[in-house]
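I have placed the structure first, in the form of structure tokens, so that the comments after it can refer back to it.
Chain identifiers are assigned alphabetically (A, B, ...) following the order of the sequence lines, protein sequences preceding nucleic acid strands; residue numbering begins at 1 within each chain.
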There are 2 protein chains.
Amino acid sequence: MAENKNIKIKDIAQMAGVSVGTVDRVLHDRGRVSEENLKKVKAILEVVNYQPNMMARTLASKKHYKIAVIIPAFQPGEYWEKVYKGIQRAEGEFAGYGVHLEKFLFDQHNSHSLRKIINELLAGSFDFNAVLMATLFSNLMIEFSQTLDLLRIPYNYIDANIPAQQQLAYFGTNSGDSGEIGAKMLLYNIKKNADIVIPKILNIGDQDSNQWINRETGFLDYLNHTAYSGTIHRIELYLDDPVYNFRELDILLKSKPKIRGGIVFNSKAHILANYLKIRNINDISVIGYDVIEANIKLLKEGIIKALIAQRPQQQGYEGIKSLCEYLILKKTPPKENYLPIDILLPENIDYYQNQ
Amino acid sequence: MAENKNIKIKDIAQMAGVSVGTVDRVLHDRGRVSEENLKKVKAILEVVNYQPNMMARTLASKKHYKIAVIIPAFQPGEYWEKVYKGIQRAEGEFAGYGVHLEKFLFDQHNSHSLRKIINELLAGSFDFNAVLMATLFSNLMIEFSQTLDLLRIPYNYIDANIPAQQQLAYFGTNSGDSGEIGAKMLLYNIKKNADIVIPKILNIGDQDSNQWINRETGFLDYLNHTAYSGTIHRIELYLDDPVYNFRELDILLKSKPKIRGGIVFNSKAHILANYLKIRNINDISVIGYDVIEANIKLLKEGIIKALIAQRPQQQGYEGIKSLCEYLILKKTPPKENYLPIDILLPENIDYYQNQ
DNA sequence: CTGAAAGCGCTTACAG
DNA sequence: CTGAAAGCGCTTACAG
């Protein structure tokens with residue numbers, strides 16, 4: 001094999017008439033090289049297209065990197081578990097390269113829990129080389145980002161993008177388009193003059209998320225551009241209060257008998273769908289977001305007609321991977337990485353799952 | 001960092017009271033080790049959970065691997081270009097590990113071209129360590145596979161699976177379910193009593209592909225399970241003969257005025273959609289397969305209502321990657337890897353593209 | 001500022 | 001069958 005024609009630092013040293021140590025110094029801008037030798041080596045470097053052997057490099061250097069991961073805590077089967085799994089996959093891949101992750105999980109229904117984590121992180125000397133963060137409480141995260149800017153620590157966003165910041169990269173969907181697709185899939189299933197219910201399903205203390213707002217905006221935009229002529233009804237439900245939810249939904253559906261569709265802009269469509277299932281109502285089509293167990297079940301049962309998904313595993317995986325590659329290889333990723341918006345039906349959900 | 005607690009072969013040697021050379025021999029079953037030492041080392045290995053440092057391993061060993069890639073040739077923008085790109089990505093990733101690919105591109109409209117490649121490959125001494133093949137002419141590929149079985153050379157399938165063979169792994173979609181989804185998306189766009197046209201779009205000399213047959217079967221299955229009551233019309237068109245195609249389609253649509261939908265089970269839906277566009281017919285909905293440029297354009301123009309896709313890049317990438325990992329790390333992949341079936345609408349196509 | 005040397009964890013000839 | 005030694009390509013102290 002005339003393959004390993006790759007030029008090595010030993011070759012460069014020879015060509016320049018210096019030692020490998022000197023070549024290494026100019027390669028890494030470590031200083032302590034005379035003007036003369038610097039020129040000689042650089043001149044050669046420009047001609048030879050030197051490709052460092054990354055394996056040898058990491059083998060020899062005993063460098064370690066620490067990355068802080070700040071995402072919501074989760075129960076098994078919940079949305080953030082998938083993100084976490086992607087993070088773990090990247091962690092495994094880069095463990096051999098001296099990368100070490102530390103995870104900080106906050107309560108997504110309580111901004112104080114995030115505030116506390118940030119304060120603690122900033123209290124001592126901040127010894128992380130990079131940060132991955134889910135942008136759930138965007139005002140807090142913006143503040144934190146600006147501190148990191150001062151410290152010159154790179155950080156990535158996942159979940160929802162915050163455009164005007166200095167993040168190294170964002171990985172996630174475009175929420176507005178994701179809302180449009182929700183509208184289209186809903187209209188595939190109902191008549192254009194049918195009414196629609198949008199239950200906002202919250203936990204006590206939840207703030208409005210950008211994710212929700214942008215999806216809803218996209219959804220309404222789409223309806224406005226079609227011949228949709230029904231009425232939209234809003235209602236607030238609570239994650240932990242089924243009794244309340246059932247009562248409110250009973251009342252709403254009785255008073256608005258033209259409702260034939262429903263859409264939920266966070267991962268909680270199963271709350272609405274489960275109600276319909278228990279009440280044995282099968283002429284209302286539900287569209288939901290996120291491939292989590294509770295939603296999948298109701299998709300397969302035909303109550304949820306379609307799920308719109310945003311590749312949470314990939315968000316976690318790429319969020320970490322790009323930080324690692326930035327630290328180890330100095331590779332700068334694109335700043336905005338809009339991931340595919342997936343449409344899941346009963347017929348393709350199984351193949352999506354085993355990814 | 002109490003991190004590099006990883007045990008090394010030097011440690012094992014010390015614990016066993018032997019040299020690292022001996023440990024290396026038992027680790028790789030290279031023989032030439034006394035019963036006694038073999039036992040000692042193995043005993044220790046069972047306790048310590050030794051994780052070899054792959055970087056050191058490949059750095060030290062100057063092994064090289066050659067993989068033969070057998071897929072259809074393509075023009076820019078055609079389907080197989082995407083597969084090829086995935087292959088190239090994997091090639092780049094594993095080049096540093098001594099893996100070298102050799103590509104053999106056959107004419108997908110001419111089985112003789114594949115026969116010729118196989119014959120030439122088998123003529124000399126076969127010096128490839130593994131093979132990736134697209135299963136387009138399945139009878140030929142089965143024959144070739146069986147030869148590889150005898151040579152004990154691992155091989156992967158992509159495109160369509162051939163279940164009863166000894167392939168290391170298959171990467172691709174389940175064609176039947178992919179056909180069902182085509183049916184569902186079409187029914188979203190037409191009335192249940194509308195007629196449907198299925199143009200078989202071929203090149204002279206094309207054989208029936210398993211892919212096509214299985215998709216069509218899935219499609220018909222789905223219709224049979226719903227209240228669909230229209231009629232299906234079949235027609236044969238030719239890739240290079242627009243004059244013929246237009247004449248035939250003109251005749252068909254005139255004689256069957258109830259046709260409101262069309263579906264094409266290979267990547268050539270653009271042939272049908274383009275006809276409709278030029279004839280200014282906008283009450284016929286088309287469903288197609290595969291995200292290629294010609295189809296994307298017509299999807300965005302609204303003539304193709306949905307594209308069903310099968311992640312060609314991923315097929316190429318994983319097809320190669322799993323072979324590399326098998327060769328280098330002795331890692332055996334799952335035999336059947338059904339990739340997600342993606343549904344693309346004008347609203348989400350752009351995000352799919354930049355993957 | 002500079003080079004020789006040791007070392008990262010593993011593999012590969014090579015004496016014995 | 002066995003171990004000591006050299007080497008993979010690079011980095012890191014350390015004399016000078």
Original post:
Has A:Lys66 got its NZ or CZ under 6.0 Å from the middle of the six-membered ring of A:Phe128, at an angle within 45 degrees of the ring axis?
Top reply: yes
Looking at [X], I'd like to know whether one of its side-chain N or O atoms comes within less than 4.0 Å of OP1 or OP2 on [N].
| X | N | answer |
| --- | --- | --- |
| B:Asn37 | D:dC1 | no |
| A:Ser19 | C:dA4 | no |
| B:Ser34 | D:dC1 | no |

Any chance the rings of [X] and [Y] have centres within less than 6.0 Å?
| X | Y | result |
| --- | --- | --- |
| B:Phe94 | B:Tyr65 | no |
| A:Tyr155 | A:Tyr157 | yes |
| B:Tyr79 | B:Phe74 | no |
| A:Phe171 | A:Tyr338 | no |

Subject >> Side-chain donor or acceptor of A:Thr135 paired with backbone N/O of A:Ala160 under 3.5 Å >> reply: yes
Subject >> Per-nucleotide protein contact string for nucleotides 10-16 of chain C, where B marks a base within reach and S marks sugar-phosphate only (heavy atoms under 4.0 Å, - for neither) >> reply: BBB----
Original post:
If you measure from the Lys or Arg side-chain nitrogens to the Asp or Glu carboxylate oxygens, is any gap between B:Arg115 and B:Glu143 under 4.0 Å?
Top reply: yes
Subject >> Separation of C:dG3 P from A:Glu36 CD (nearest whole Å) >> reply: 11 Å
Subject >> Rounded interatomic separation in angstrom, taking CD from B:Gln14 and P from C:dG9 >> reply: 13 Å
Original post:
Would you call B:Asp159 and B:Trp80 a side-chain contact if the rule is heavy atoms closer than 4.5 Å?
Top reply: yes
**OP:** Note every stem involving DNA chain D: at least three consecutive Watson-Crick or G-U wobble pairs, i with j then i+1 with j-1, with both distances under 3.5 Å.
**Re:** C:1-3 with D:14-16, C:5-12 with D:5-12, C:14-16 with D:1-3
